[in-house]
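The structure presented is a predicted model; accordingly, all values stated were derived computationally and were not measured. Order of appearance sets the numbers: ligands from 1, and atoms from 1 within every ligand.
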Amino acid sequence: MKKDILTLIDLTREDFEVLFERATELKKRYKKGIADKPLAGKTLGLIFDKPSTRTRLSFEAAMVQLGGTPIFISAKDTQIARNEPVRDTARVLSRYLDGLAIRTYSQNLLEEFAEFTDIPVINALTDLFHPCQVLSDIMTVIEIKGGYKDIRIAWVGDGNNVAHSWVNAAAVLDLDLVLACPDGYSPRKDVMEKALEKGVGKIVATSNPVEAVKDADVIYTDVWASMGQESEQGKRKRVFEPFQVDQALLKHASEDVIVMHCLPAHRGEEISENVLEGPKSVVWDQAENKLHMHKAILDVLFLH
Ligand code: CP
Ligand code: NVA
């Protein structure tokens, strides 16, 4: 049966471990200049309804470096924009390609694509989840902290798509995750409930950022207004002001805390300039690991 990556809650702990291991191996080999080409002859289609720098480019580079071919599909230039049913597009693309990475608004649309194709479908971000981001982020945590067990992760900011994927990962990997979000901006109830039903993971929600970062090993933040929420930007700036990750907040965390952000960052909003550019920030390592993790995802989904 084909395997997709639509949400992290669908993965097993073993799936995570396989991906971390393969990504680490591929990264090591790439750094040594070894040119692995396991995906020779394979083609990945990328359908993007929203802008992207890192996810698109790292998937494209991953395909090229592993010997395969990426084909970028701008949704607005296809018949999708003229309302051809998703299920028809999905069945046709299935006959041309070996896999699809999709960035779009609706998780349901992504799931419909997955249902009507017999090739792996990868969630490259929806309004609800950003699973590949969190896979590469945990790889970064493992590299820097030596593992994820007993690591306290504090999410500070909007309970958005990236936060939801952290909640899912916490449920599968038994992570210690605390999320500090303003009232009304917490992670979605259904996402939290599904994660808590799994019974593992110490997932706690609060509206107090100082309390959340207490003894945290990792502080993670993301934009206050995600793609598609541009009209709420002004209101959100006011509501989220006390949730900025700045030097004052860092004082409450562990001494060796690391600060993560999936990027793009808005300096002076969710993160201060001196924290983003400061010694605790690992954002460039995070961005790099998207390349290595995406290679592992493609390798595992296409070949195993
Ligand atoms: N972090 C991330 O997904 O960045 P892009 O929007 O540039 O892909
Ligand atoms: N939450 C952000 C993530 C961007 C990578 C957004 O959806 O815009």
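Closest to atom 3 (C) of ligand 2, if we only count protein heavy atoms, is D222 OD2, 3.6 Å. Of the protein's non-hydrogen atoms, the one nearest atom 4 (O) of ligand 1 is R54 NE, 2.9 Å. In terms of protein heavy-atom proximity, atom 4 (C) of ligand 2 is nearest to L125 CD1, 3.9 Å. Annotation: atom 7 (O) of ligand 2 to nearest protein heavy atom, N161 ND2, 2.8 Å. Residue, atom and distance of the protein heavy atom nearest to atom 8 (O) of ligand 2 are M227 N, 2.8 Å.
Near R103, with a cut-off below 4.0 Å to any heavy atom, the atoms of ligand 1 are 3 (O), 5 (P), 6 (O), 8 (O). When each atom of ligand 1 is checked for a heavy atom of K290 under 4.0 Å away, the hits are 1 (N), 2 (C), 3 (O). The distance from ligand 1 to the heavy atoms of T53 drops below 4.0 Å at these ligand atoms: 5 (P), 7 (O), 8 (O). Residue L263 has at least one heavy-atom neighbour below 4.0 Å for each of these atoms of ligand 1: 1 (N), 2 (C), 4 (O). Atoms of ligand 1 lying under 4.0 Å from any heavy atom of Q133, numbered from 1 in the order shown and given with element: 1 (N), 2 (C), 3 (O). Near H130, meaning under 4.0 Å from any of its heavy atoms, are these atoms of ligand 1: 2 (C), 3 (O). Shown in contact with C262 at under 4.0 Å from a heavy atom are these atoms of ligand 1, numbered in order with element: 1 (N). Of all the atoms in ligand 2, the ones that sit under 4.0 Å from a non-hydrogen atom of N160 are 1 (N).
A parallel orientation is assigned to the rings of W155 and Y220, their planes being inclined by less than 30° (bins at 30° and 60°).
One hydrophobic cluster, built from ILVMFWY side chains closer than 4.5 Å, holds both V167 and I151. In the hydrophobic clustering of this structure, Y148 groups with L179; members are Ile, Leu, Val, Met, Phe, Trp, Tyr whose side-chain heavy atoms approach within less than 4.5 Å, directly or through other members. The same ILVMFWY cluster, assembled from side-chain heavy atoms under 4.5 Å apart, contains both V134 and I122. Connection of V172 to V178 is not established within any shared hydrophobic cluster, with ILVMFWY side chains joined at heavy-atom distances below 4.5 Å, either directly or through further cluster members.
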Evaluate side chain to side chain donor-acceptor pair (under 3.5 Å) for D215 paired with S254, printing each intermediate quantity in order. CA-CA 5 Å; D215 303 325; S254 286; 5.3 Å; no
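Of the N or O atoms in K50, none lie within a sub-3.5 Å distance of an N or O in ligand 2.
Salt-bridge check for R22 with D299: passed, with a basic side-chain N closer than 4.0 Å to an acidic carboxylate O.
Taking the six-membered ring for Trp, F240 and Y185 have ring centres closer than 6.0 Å.
Within 6.0 Å of CD on E232 lie more than 12 heavy atoms contributed by other residues, nucleotides or ligands.
Heavy atoms of K50 come nearer than 4.0 angstrom to ligand 1 in no pair at all. By the 4.0 Å heavy-atom criterion, L263 is counted among the residues contacting ligand 2.
Here the side chains of R236 and Q229 are in contact, with some heavy-atom distance below 4.5 Å.
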